[in-house]
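Lettering of chains follows the sequences in order, A, B, ..., and the numbering in each one begins at 1.
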There are 2 protein chains.
Amino acid sequence: MGIIERKEREREEMRRLIVDGARHLFVQNGYEKVSIRNIAEAIEYSPATIYLYFKDKNEILYAVHQQAFSKMMEEFRPIFALEDPFERLVEMGRRYINFAVENPELFDIMFIVTAPMEALECREDIWSEGRIAFNMLVQVVQDCIKAGVLHADDAEVAAMMIWSNIHGYTALFLRKRLMMFSEERRQVLMREAFDLFVHTLKKGLQ
Amino acid sequence: MGIIERKEREREEMRRLIVDGARHLFVQNGYEKVSIRNIAEAIEYSPATIYLYFKDKNEILYAVHQQAFSKMMEEFRPIFALEDPFERLVEMGRRYINFAVENPELFDIMFIVTAPMEALECREDIWSEGRIAFNMLVQVVQDCIKAGVLHADDAEVAAMMIWSNIHGYTALFLRKRLMMFSEERRQVLMREAFDLFVHTLKKGLQ
DNA sequence: ATTGTTTACTGAACAGTGTTTAGTACGTTT
DNA sequence: AAACGTACTAAACACTGTTCAGTAAACAAT
C-alpha cells in the first residue's frame, strides 16, 4: 500500500515547488515586493492552496531561509581544506561578505528580516541554522587559539566579536547606510576596513 | 500681512503633530504594525490629510528618523567632555549599543529599515544625518591617532571598521539573530565581545 | 457687505495585502 | 456503484497605502 508514501512524497514536492517559486521571486524582485498571490500565480495554483502546505507567510520565509543557509554552507566548504587556521578564519569572513553582496535578498532573509525568526518563535524552537553556522566559526577560532595565533579565554566571545565585525559591513551596506559614500569609496572602505580588522586581530589578540 | 507667516507656522505645527504621533505609535507598537490610518486616528484627522503634509509613508519615516538622530546626538554630547580620546571612542561605542537596546524601534528606523532611505533616494540627497554622525566618529578616531594610542593611515577606514563592529552586535541582537543563546548568555556575550574588541583595538592598532 | 478665490480637509474609492471558509470535484475505498 | 476523504479554489474579510472629487471655511477684492 504505497499510496500514503506517494502522497507524502507529493506533499513534499508541493512544498518544494512553493519554496522554490518563492525564492525565485524573492531573488528577482526583493522580498518586500512578493505577495502570496504572486507566488501562487508563479506556480499556477490558487493562493488558498499555499495555506494547505504552510501555516503562514513567515513559514515560507523560514523555508527559504533554510535553503539559503545550505547554499552559504556550500560556499564555506572549500575553506576547510586550508591548513593555516587563521587563513581559514579570514577566508570565512571574506566569503560571508561576498555571499551578502552577491545574494543580497537571500542574505536579508537569513540575517536581517525578522519574519522567518517569528516562524521559529511560535514553535519555541532554537535557531539551529544560526547555531550550526556560529559553531563552525567558534571551531575555527578555537583552532586559531590552539595554534597560538589568537589568544582569548572564551572562544565563543571571540567568535561573537569577529562575527559582529563582519556582519556590520554587510548589514550597513545592504540597508543602504553607506549611502553617504560614493559607489567607489564604498567598495574601498569595505575592503580596507576588513583588511584593517584582520590586521588588528592578528596583532591585537596575540 | 503676517498671514502667510502664520500659515507657514501652522503647517510646520501640523507636520510636527503627525511626526510626533507617528513616533509615539512606532515606539509603542513597533514600526511594522503602524499604518497611516493608525496615525491619522491618533491625531484625529482623516488619512487623506496626512498626504497634504507628507508625500508618502517613507517621508514620515524619514522625519521620525531625523528626530531619532537628534535624540542620539543628545546622548553623545557628554562624551566630548572626556579628556582621553580613547575613552571618548569607547564611550561612544557603549552609548551606541545602549541607545539601540533602549530605543530598539527608533534605532531600527535609523539604521536598519530601508524605507527612510528610499525617501532620500528620490530626492537624490545625501544622507546628511549619517554623514554627520560618521564624521563625529572619524574625528574621535583622528584624535586617538594624534594622541598616539591608535596607528592607522586612513582615519575613515579605521572608523568604518569600528562602526561595523559596534553596529554588528546591535543589528544581530535587534533582528533576533542571537536567539540561539539564552537571554543571560546573550547579555554576557555582547558585553564581553565589546570589551574584547576594545582590548584588541588598543593592542592591535598600536 | 457681497462677491470670488484660495486653502484645508474629508468620504469614498482603487488596487493591493495576508488569511479563512464554504463548497466542489476527483481519487480512493468499500 | 455508492460512500468517503482529500486536494483544491472562488469568494469573502479586514486590512494596507494612496488618490481624487467634493465641501466648507478662511481670505481677498470689490
Side-chain angles (χ1 to χ4, degrees), chain A residues 1-19 21-22 25-26 29-65 109 113-119 121-122, chain B residues 1-19 21-22 25-26 29-65 109 113-119 121-122:
Chain A
M1 201 63 79
I3 288 177
I4 46 168
E5 281 88 345
R6 195 205 65 209
K7 291 260 162 121
E8 183 54 40
R9 225 166 46 229
E10 282 177 351
R11 191 175 166 76
E12 216 52 50
E13 241 172 74
M14 188 65 173
R15 278 181 66 98
R16 233 207 134 70
L17 184 69
I18 294 170
V19 176
L25 289 176
F26 288 154
N29 309 335
Y31 137 80
E32 278 197 313
K33 283 172 189 158
V34 177
S35 68
I36 296 282
R37 280 175 179 82
N38 293 156
I39 300 171
E41 196 179 7
I43 62 173
E44 298 179 299
Y45 278 85
S46 112
T49 301
I50 291 179
Y51 287 88
L52 300 174
Y53 296 88
F54 291 91
K55 190 181 140 278
D56 55 19
K57 203 186 178 187
N58 290 344
E59 281 219 327
I60 301 175
L61 262 112
Y62 184 72
V64 172
H65 143 285
I109 294 170
V113 175
T114 44
M117 294 297 110
E118 270 146 40
E121 245 170 67
C122 56
Chain B
M1 203 63 79
I3 288 177
I4 45 168
E5 281 88 346
R6 195 205 65 209
K7 291 258 163 123
E8 184 53 41
R9 226 166 43 230
E10 283 175 351
R11 191 175 166 77
E12 218 50 52
E13 240 172 74
M14 188 65 172
R15 278 181 66 98
R16 235 208 131 70
L17 184 70
I18 294 169
V19 176
L25 289 176
F26 288 154
N29 309 335
Y31 137 79
E32 278 197 312
K33 283 173 189 157
V34 178
S35 69
I36 296 283
R37 281 175 176 82
N38 294 156
I39 300 170
E41 195 179 9
I43 62 172
E44 298 179 298
Y45 278 86
S46 113
T49 301
I50 291 179
Y51 286 87
L52 299 174
Y53 295 88
F54 290 92
K55 192 183 139 276
D56 55 18
K57 203 186 178 187
N58 290 345
E59 281 220 326
I60 302 175
L61 262 110
Y62 184 72
V64 172
H65 142 285
I109 294 169
V113 174
T114 45
M117 293 299 109
E118 269 146 42
E121 245 169 66
C122 55

For [X] and [N], what is the distance between atoms [atom1] and [atom2] respectively, to the nearest whole Å?
X	N	atom1	atom2	result
A:I60	C:dG18	CD1	P	9 Å
A:K33	C:dG18	NZ	P	15 Å
B:I36	D:dA14	CD1	P	22 Å

[X] side chain, from C-beta outward: closest of [options]:
X	options	result
A:Y53	D:dT18, D:dA7, C:dT19	D:dA7
A:T49	D:dT18, C:dT10, D:dT9	D:dT9
B:Y45	C:dC9, C:dT17, D:dC8	C:dC9
A:L52	D:dA10, D:dC8, C:dT10	D:dC8

DNA chain D: B:K7 or B:V34, which has the more 5' nearest nucleotide?
B:V34
If you assign B:R6 and B:Y51 each to the DNA chain D nucleotide with the nearest heavy atom, which residue ends up on the more 5' nucleotide?
B:Y51
Look at A:S35 and C:dT17 and indicate whether a side-chain polar atom (N or O) is within less than 4.0 Å of OP1 or OP2.
yes
Where do A:Y31 and A:L61 land on the side-chain contact (heavy atoms from CB on, under 4.5 Å) test, with the steps shown first?
CA-CA 9 Å; A:Y31 137 80; A:L61 262 112; 3.5 Å; yes
Can you check whether B:E59's main-chain N or O pairs, donor with acceptor, with B:D56's side chain at less than 3.5 Å?
yes
Can you name the nearest heavy-atom pair linking B:A40 to B:S46, along with the distance?
CB-C, 3.8 Å
Please give me the minimum heavy-atom distance between A:I18 and A:Y53, naming the atom from each residue.
CD1-CB, 3.8 Å
Determine the contact category for B:F54: base if any of its heavy atoms lies under 4.0 Å from a base atom, sugar-phosphate if only primed atoms, P, OP1 or OP2 are that close, otherwise nothing.
nothing
Between the base of D:dG17 and the side chain of B:R37, is there a donor and acceptor pair under 3.5 angstrom?
yes
